[in-house]
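For reference, the structure is listed below as structure tokens.
All of these numbers come straight from a predicted model, not from anything done at the bench. Throughout, a chain's letter reflects where its sequence line sits, starting with A, and its residues are numbered from 1.
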Protein chains: 2
Amino acid sequence: MALDHAILVSLLEKPGSGYELARRFERSIGYFWTATHQQIYRVLKRMEADGWVDVRGVPQRTRPDKKEYSVAAAGREALSRWLHDPIEPESVRHDLAVKIRGAAFDDPAALVREVERHQRMHQDRLAHYLAGEARDFGPPAGATGAPGSPVPPDPGRELQHAVLRGGIAYERMMIDWLDDVLATLHRLAPGR
Amino acid sequence: MALDHAILVSLLEKPGSGYELARRFERSIGYFWTATHQQIYRVLKRMEADGWVDVRGVPQRTRPDKKEYSVAAAGREALSRWLHDPIEPESVRHDLAVKIRGAAFDDPAALVREVERHQRMHQDRLAHYLAGEARDFGPPAGATGAPGSPVPPDPGRELQHAVLRGGIAYERMMIDWLDDVLATLHRLAPGR
DNA sequence: TCCTCCTATGCAACTAGTTGCATATACAAG
DNA sequence: CTTGTATATGCAACTAGTTGCATAGGAGGA
């Protein structure tokens with residue numbers, strides 16, 4: 001189980017409430033680990049009981065009070081332990097691939113719209129990633145700039161960028177592959 | 001839930017026992033949908049009760065008797081319904097990305113071996129895919145052959161090949177990205 | 001003969017994740 | 001003054017997936 005660890009990493013990057021975490025899981029972290037707010041609140045409660053996180057009540061005037069969580073020593077140790085443990089490669093749950101193979105026993109042409117819809121979602125996500133990259137990490141390396149920018153490397157920033165580049169590579173791969181799938185589907189059902 | 005549908009597709013491609021399905025989920029289908037034998041037996045039992053699959057006892061002399069499952073009309077309809085329903089894009093559970101971001105709060109150099117291990121697994125899987133492609137789908141298009149091979153297109157075969165090409169593209173992308181991650185890790189901890 | 005491996009099926013208990021609902025504050029629009 | 005939206009937290013019930021264990025026949029080797 002790595003939701004615990006994903007939350008710990010996120011809280012180390014920046015402490016926050018369950019609600020704020022839930023919103024982060026709709027963007028940045030959520031792109032490689034999904035979680036709903038119900039799940040997050042439940043895990044926070046358990047981690048609090050285990051002493052992995054500290055809570056601090058934050059009264060707010062303009063909105064409901066919140067609880068700000070931050071990582072405690074025990075949580076840092078638990079994360080470190082997990083980081084040093086080997087993990088299995090991701091377990092895949094790729095519905096679309098099942099559908100594509102299933103289309104052989106149904107109408108392949110009917111799948112075209114679904115594949116196009118998925119491709120659009122991946123294109124949107126790619127655009128979103130690229131905008132985020134331009135905003136947070138400046139223009140892509142090698143584009144402009146004086147020789148050797150003197151910015152000192154920040155490990156957190158560098159690693160976040162590396163993960164984001166992974167997301168970008170994934171979306172590009174998916175868009176290309178879905179082009180391939182669409183070509184295959186059209187070849188099988190030339191009409192339409 | 002799509003394990004039901006993944007099983008239905010697999011049984012449509014070829015009827016088989018729970019044990020055989022479990023082994024298929026360690027190879028072909030398993031590359032985009034994981035399942036253990038316990039889960040498969042349980043789902044088969046439920047689908048049998050719902051009339052989605054038919055069972056046929058197959059006595060065997062040299063090994064324990066087995067139950068061969070095949071898709072019933074109701075199962076075909078259920079699959080068709082699912083194929084026509086829009087689905088959400090895959091929910092991602094990418095432990096390694098969490099680890100990479102987490103490495104900023106631990107020792108980045110310690111992650112190098114883990115990343116290399118994952119890269120090797122992806123290289124192995126890529127080699128396995130390419131071998132399977134060469135075996136089942138012949139040499140890659142455009143390599144040789146007389147103009148216009150007269151083989152009639154088989155939808156099932158074509159779509160299986162398209163999914164396999166997706167797996168190949170995925171593994172290549174991962175290998176390249178992990179190269180990128182390794183370069184980043186080395187940049188952050190040059191000495192080791 | 002015993003031991004291990006492969007085939008073959010399954011239960012029980014647990015953990016993780018999803019879905020649906022409930023509550024409450026504050027602000028803005030109508 | 002009601003309605004809608006955003007913030008903020010949570011319970012309960014359900015579904016899906018994992019882990020550990022159990023059983024059993026036949027093949028092949030020590």
Side-chain angles (χ1 to χ4, degrees), chain A residues 1-8 15-27 29-30 32-50 53 55-69 78 82 87-95 98, chain B residues 1-8 15-27 29-30 32-50 53 55-69 78 82 87-95 98:
Chain A
M1 162 200 32
L3 176 56
D4 300 38
H5 307 107
I7 288 176
L8 288 173
S17 67
Y19 188 81
E20 283 160 357
L21 280 168
R23 291 208 303 175
R24 289 184 213 171
F25 274 84
E26 286 167 7
R27 339 177 251 99
I29 323 181
F32 46 86
W33 201 278
T34 52
T36 59
H37 80 268
Q38 291 91 336
Q39 218 184 324
I40 290 165
Y41 282 120
R42 200 196 295 158
V43 170
L44 281 173
K45 182 147 285 196
R46 196 189 62 226
M47 291 203 294
E48 188 195 338
D50 294 346
V53 291
V55 203
R56 190 172 65 92
V58 178
Q60 299 187 117
R61 268 171 311 169
T62 87
R63 32 187 92 168
D65 298 352
K66 67 175 180 180
K67 300 183 188 172
E68 194 180 75
Y69 290 88
W82 178 72
I87 46 167
E88 289 310 296
E90 338 73 65
S91 61
V92 188
R93 297 281 136 97
H94 205 134
D95 301 69
V98 178
Chain B
M1 166 199 29
L3 176 55
D4 300 38
H5 307 107
I7 289 176
L8 289 174
S17 68
Y19 188 82
E20 283 160 357
L21 281 169
R23 291 208 303 176
R24 290 185 211 171
F25 274 85
E26 286 166 8
R27 338 177 253 97
I29 322 183
F32 47 86
W33 201 279
T34 52
T36 58
H37 80 267
Q38 291 90 337
Q39 220 183 324
I40 290 165
Y41 282 120
R42 199 196 296 157
V43 170
L44 281 174
K45 183 146 287 200
R46 196 188 62 229
M47 291 203 295
E48 188 194 339
D50 293 347
V53 291
V55 203
R56 191 172 66 92
V58 179
Q60 300 186 116
R61 268 171 310 168
T62 87
R63 28 187 97 167
D65 298 352
K66 66 175 180 179
K67 299 182 189 173
E68 195 181 73
Y69 290 88
W82 179 71
I87 48 168
E88 288 310 297
E90 339 72 67
S91 63
V92 188
R93 295 282 137 97
H94 205 135
D95 300 70
V98 177

> Could you go step by step and tell me if Glu20(A) and Lys66(A) meet the salt bridge (charged side-chain N to carboxylate O under 4.0 Å, His left out) rule?
Replying inline: CA-CA 10 Å; Glu20(A) 283 160 357; Lys66(A) 67 175 180 180; 2.8 Å; yes

>> How long is the straight-line distance from CG of Leu3(B) back to CZ of Arg42(B), given to the nearest 0.5 Å?
In response: 10.0 Å

>> I need the minimum non-hydrogen distance between Ala22(A) and His37(A), along with the two atoms involved.
In response: CB-CB, 3.7 Å

> Looking across every strand, which nucleic acid part, if any, lies under 4.0 Å from Arg61(B) by heavy atom: base, sugar-phosphate, or nothing?
Replying inline: sugar-phosphate

> Roughly how far apart are Gln39(A) CD and Leu44(A) CG, rounded to 0.5 Å?
Replying inline: 11.0 Å

> Over how many whole Å does the gap from Lys45(B) atom NZ to dT9(C) atom C1' extend?
Replying inline: 8 Å

> What is the distance, rounded to the nearest whole Å, between atom OH of Tyr41(B) and atom P of dT7(C)?
Replying inline: 11 Å

> Do Arg24(B) side-chain atoms and Gly30(B) backbone N/O form a donor-acceptor pair below 3.5 Å?
Replying inline: no

> Going 5' to 3' on DNA chain D, which nucleotide is the first and which the last to come under 4.0 Å of a heavy atom in chain B?
Replying inline: dA16(D) to dG26(D)

>> For the CD1 atom of Ile40(A) and the CD1 atom of Ile7(A), what is their distance to the nearest 0.5 Å?
In response: 5.5 Å

> Are Tyr19(B) and dT9(C) close enough that a side-chain N or O sits under 4.0 Å from OP1 or OP2?
Replying inline: no

>> Using heavy-atom distances to pick each residue's nearest nucleotide on DNA chain C, tell me which of Pro64(A) and Asp4(A) is more 5'.
In response: Asp4(A)

>> Once you apply a heavy-atom cut-off of 4.0 Å, does Ser17(A) come out as touching a base, just sugar-phosphate, or nothing?
In response: sugar-phosphate

> Nearest heavy-atom pair of Val98(B) and Trp33(A): which atoms, and what distance?
Replying inline: CG2-CE3, 4.2 Å

> In chain order, what residues pass the ring-ring contact (aromatic ring centres under 6.0 Å, His included) check against Tyr19(B), with sequence neighbours excluded?
Replying inline: none

>> Let me test you: for the helix from dT1(C)-dA30(D) to dG30(C)-dC1(D), what is the angle between the axes at its two ends (five pairs each), rounded to 10 degrees?
In response: 10°

> On DNA chain D, nearest-nucleotide positions of Arg23(A) versus Leu3(B): which is more 5'?
Replying inline: Arg23(A)

>> Measuring from atom OG1 of Thr62(B) to atom CD of Gln60(B), what distance do you get when rounded to the nearest 0.5 angstrom?
In response: 6.5 Å

> Atom CD of Gln60(B) and atom C1' of dC6(C): how far apart are they, to the nearest Å?
Replying inline: 12 Å

> Relative to the 5' end of DNA chain C, which residue comes earlier, Ala2(A) or Thr62(A), by the nucleotide with the nearest heavy atom?
Replying inline: Ala2(A)

